[in-house]
Amino acid sequence: MHQVTTPHEDQLSLTVVASAGDTALAAEVIELQAVNEQLRRALASRAVIDQARGMVMALTPCSSARAWDLLVDVSQHCNVKLRDVAAALVATAKGEALPGRLQRELRRALRRAHAADRR
């Protein structure tokens with residue numbers, strides 16, 4: 001999947017760069033490593049969110065934007081991160097049960113969406 005550096009490896013990078021006598025460069029290396037790790041996590045989260053959007057679109061014929069709005073709605077009403085809502089939904093494809101709280105809120109979000117469509 002992706003390679004994650006350990007604190008020891010980060011320290012080793014800092015030591016190598018710092019030994020060259022350029023502390024500004026060392027600070028930049030550390031900052032870039034942190035940004036890279038954030039991007040890796042964001043990409044992994046995005047894939048799961050996109051899978052969940054596809055599931056919502058297949059289960060409830062709707063647009064990608066509507067599926068996104070439904071997932072965000074569930075996330076906000078349950079006070080659960082969007083990536084965690086998406087991961088729970090995707091896990092149902094592997095036979096795991098959707099947690100009751102998320103299941104109830106997904107039903108409510110779908111009812112709200114359908115009611116808005118009827119107006």
Side-chain angles (χ1 to χ4, degrees):
M1 200 153 145
H2 66 272
Q3 184 178 1
V4 178
T5 59
T6 65
H8 175 71
E9 290 169 331
D10 287 346
Q11 185 60 39
L12 182 60
S13 296
L14 176 61
T15 303
V16 169
V17 174
S19 66
D22 192 346
T23 55
L25 183 58
E28 187 175 353
V29 166
I30 296 296
E31 182 180 345
L32 289 172
Q33 287 172 333
V35 169
N36 280 339
E37 184 55 32
Q38 288 172 344
L39 289 172
R40 282 187 196 105
R41 282 191 301 250
L43 284 173
S45 293
R46 183 60 185 229
V48 171
I49 292 168
D50 285 344
Q51 289 173 1
R53 273 169 90 173
M55 290 175 73
V56 170
M57 290 168 62
L59 295 171
T60 307
C62 66
S63 69
S64 178
R66 173 57 66 92
W68 172 265
D69 291 342
L70 286 168
L71 290 171
V72 168
D73 194 22
V74 171
S75 170
Q76 290 176 343
H77 280 89
C78 290
N79 196 26
V80 174
K81 290 186 182 280
L82 179 61
R83 69 174 175 256
D84 295 335
V85 170
L89 186 58
V90 169
T92 64
K94 297 176 185 168
E96 293 185 31
L98 189 63
R101 183 173 162 209
L102 294 179
Q103 194 174 71
R104 284 187 300 277
E105 195 52 50
L106 182 57
R107 284 187 189 129
R108 288 181 187 132
L110 289 168
R111 281 195 297 268
R112 285 190 295 270
H114 289 304
D117 287 345
R118 284 187 234 131
R119 292 182 202 156

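Here the structure is a predicted model, which means the values were calculated and not measured.
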Hey, are the side chains of [X] and [Y] touching, using non-hydrogen atoms and a 4.5 Å cut-off?
X      : Y      : answer
Val80  : Glu105 : no
Asp69  : Val72  : no
Leu59  : Leu110 : no
Leu71  : Arg53  : yes
Arg108 : Asp73  : no
Trp68  : Ile49  : yes

Check: Checking side chain to side chain contact (heavy atoms under 4.5 Å, CB included) for the pair Leu32/Val29: CA distance, chi angles, key distance, verdict?
Finding: CA-CA 5 Å; Leu32 289 172; Val29 166; 5.9 Å; no
Next item on the list: Run the numbers on Glu28 and Glu31 for side chain to side chain contact (heavy atoms under 4.5 Å, CB included), then give the verdict.
Entry: CA-CA 5 Å; Glu28 187 175 353; Glu31 182 180 345; 5.5 Å; no
Might you point out which heavy atoms bring [X] and [Y] nearest each other, and give the distance in Å?
X     : Y      : result
Cys62 : Ala67  : SG-N, 3.8 Å
Leu70 : Ala113 : CD2-CB, 3.8 Å
Ser64 : Met57  : CA-SD, 3.5 Å
Ala88 : Leu102 : CB-CD1, 3.7 Å
Val74 : Ala109 : CG2-CB, 4.0 Å
Val90 : Gln51  : CG1-OE1, 3.4 Å

How many angstroms lie between [atom1] in [X] and [atom2] in [Y], if you round to the nearest 0.5 Å?
X     : Y     : atom1 : atom2 : value
Thr60 : Arg66 : OG1   : CZ    : 10.0 Å
Glu37 : Leu39 : CD    : CG    : 9.5 Å
Ile30 : Leu25 : CD1   : CG    : 10.5 Å

Notebook entry, point to check: For Arg112, does the CZ atom sit with more than 12 other heavy atoms under 6.0 Å from it, leaving out its own atoms?
Noted result: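 Above 12, so yes.
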